[in-house]
Number of protein chains: 2
Amino acid sequence: MPRKTYHHGNLKNALIQAGIAILAEEGLGGLSLRKAARRAGVSHAAPYAHFADKQNLIAAIASDGHKKILERFETIRVKYPDNPLRQLAAGAWAYVKFGLQAPDHYRITFSGVIQDEHSHAEFIEYSQRNMQVLREIIAQCRSAGVLDADGVDSELQAVSIWGLLHGLTLLMIQKQLPSQLIKTCPPKDIVLSALQQMARISINKRMLD
Amino acid sequence: MPRKTYHHGNLKNALIQAGIAILAEEGLGGLSLRKAARRAGVSHAAPYAHFADKQNLIAAIASDGHKKILERFETIRVKYPDNPLRQLAAGAWAYVKFGLQAPDHYRITFSGVIQDEHSHAEFIEYSQRNMQVLREIIAQCRSAGVLDADGVDSELQAVSIWGLLHGLTLLMIQKQLPSQLIKTCPPKDIVLSALQQMARISINKRMLD
DNA sequence: CTCCAAATCTAGACAATGTAAAGATTGTAG
DNA sequence: CTACAATCTTTACATTGTCTAGATTTGGAG
């Protein structure tokens, strides 16, 4: 069905949503500017009024991924305001869960399309805020004495935990973990165990929710 | 310069090497079947005698990545035959270093192109052997008492360490770690710290080599 | 050695894609 | 109301993945 108005009205956002939908239905390989334009009901060159090139659409989709992760973090922080350890546990699981629920959206979010520090300001912004949230949670855990400092710089601790979660998420998404393990051990248990090994914290499965 | 013989002689391998070279020079986005064919000095359809489609060339390149990582592991194992802890430390760093030296080769190796378990037998083979090596090193560390078992299933321990290294490698490759940290802390220190946090092992920087 | 089938390579074609250019339509600031 | 800027369409072109038909070469059966 063709549009009534010549102008779409909200094309930029429609293209981002179309892109996310394509990722969900057809995966990374199915994403194209023209297909997104078709879904939004505009001509194949219309996107160029809003995105300089395909990379910029991808950057916008990646920003949206970071934003969604950030929202989940914020939700958890207000849910357990005075329990930083639970924030850490639940936040970690929420992060991984986003990856499992929207695998290709997650992958594109961390696909490393953004090299230039100056372009894609929104992406940089959200990405840094996510890192900042993790830093804060870890700082609070340390202050509360529920997370070992152990002479480890807290920045290095944050980066290590993030790296761990990121790596496991990708390996799970891409089915690269030993099939033996996958059959006997649900993702949640893998994350729980990994977190305990890394941070030596006393958490249980319930605290991931 | 055109070939002398009608038949290339070793086209399959030449295409793989061409692909790896393209990855090094132009990155993931620059890789195309036709470009690889051009480099090998054959027509654009010649690759189809050796690879059913582009995915199969990618799978072959990914297999090569796994093979190179495996070779590094083996080298380290014969270098420190009776020091499993050092095998773990040096192996971990060798893994990350491969990612830093050949970022896009590393990325394509773990890009998750292989979904079907039955196709791409070579990839599955190498991938499993890499996992097996890590398992063995960890088992030896445990037996030698230089790595805490701590009630953690050894498969989960292996997967966690792998996830950690994989995640950190990607974040470093894609420059997604806080720029503040990058400026003050070389990759080697990041890996060393992460390993110590995860496995609570007593290793120093020298042992990574 | 001969000859044929299989393996390998070329040439040509097609659809999909990213993207540039030129022009049409619409919203809006003055 | 009008001129300008933003938005959108149409047309066009190069690149790419992949298919088909045919040419060349190789290896092995007889």
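All values reported here derive from a predicted model rather than from experimental measurement. Letters A, B, ... mirror the listed sequences (proteins, then strands); counts begin at 1.
Checked against ring-ring contact (aromatic ring centres under 6.0 Å, His included), B/Phe98 has the following partners two or more places apart in sequence or in another chain: B/His105. Take B/Phe123 and apply the ring-ring contact (aromatic ring centres under 6.0 Å, His included) test, not counting sequence neighbours, and it matches B/His66. For B/Arg77, the salt bridge (Lys or Arg N to Asp or Glu O under 4.0 Å) partners are B/Glu136, not counting sequence neighbours. Residues passing the salt bridge (Lys or Arg N to Asp or Glu O under 4.0 Å) test with B/Lys35, sequence neighbours excluded: B/Glu26. Take B/Lys79 and apply the side chain to side chain contact (heavy atoms under 4.5 Å, CB included) test, not counting sequence neighbours, and it matches no residue.
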Show each protein N/O and nucleotides 20-25 of chain C N/O combination with a separation under 3.5 Å, one pair to a line.
from: C/dA24; atom 1: N3; to: A/Tyr6; atom 2: OH; distance (Å): 3.1

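A straight line from CZ of A/Arg38 to C1' of D/dC8 spans 17 Å, rounded to a whole angstrom. Taking atom NZ of A/Lys35 as the reference point, atom C1' of C/dA15 lies 13 Å away to the nearest angstrom. What separates CZ of A/Arg34 from C1' of D/dA12 is a distance of 10 Å, to the nearest Å. With rounding to whole Å, B/Leu11 atom CG is found 5 Å from C/dC9 atom P. Note: CG (B/Leu57) to P (D/dT16) measures 14 Å, nearest angstrom. Summarising the geometry, the separation between CG on A/Leu15 and P on C/dT19 is reported as 14 Å, rounded to the nearest angstrom. We find that CG of B/Leu33 is positioned 6 Å from P of D/dT18, with the value rounded to whole Å. Taking atom CZ on B/Phe51 and atom C1' on C/dC9, their separation rounds to 15 Å, with Å as the unit.
Closest to the side chain of A/Lys54, out of D/dG17, C/dG18, D/dT9, is C/dG18. For A/Ala46, the listed nucleotide lying nearest its side chain is D/dT9; candidates were D/dT7, D/dT9, C/dT19. Side-chain atoms of B/Ala49 lie closest to C/dC9 of the nucleotides C/dC9, C/dT19, D/dT18.
Summary of the strand contacts: B/His50 and A/Gln55 both lie near DNA chain C, and taking for each the nucleotide with the nearest heavy atom, the more 5' one is attributed to B/His50.
Between B/Phe110 and B/Tyr95, the ring planes lie tilted relative to each other; the angle falls in the 30° to 60° range.
Near DNA chain D, defined here as any heavy-atom distance below 4.0 Å, the residues from residues 17-32 of chain B are B/Ser32, listed numerically.
Atom NZ of B/Lys67 has 12 or fewer neighbouring heavy atoms from other residues, nucleotides or ligands inside a 6.0 Å radius.
The side chain to side chain donor-acceptor pair (under 3.5 Å) contacts involving residues 11-25 of chain A comprise A/Glu25-A/Arg39, where partners must be two or more places apart or lie in separate chains. For residues 41-60 of chain B, no residue pair satisfies the salt bridge (charged side-chain N to carboxylate O under 4.0 Å, His left out) rule, not counting sequence neighbours.
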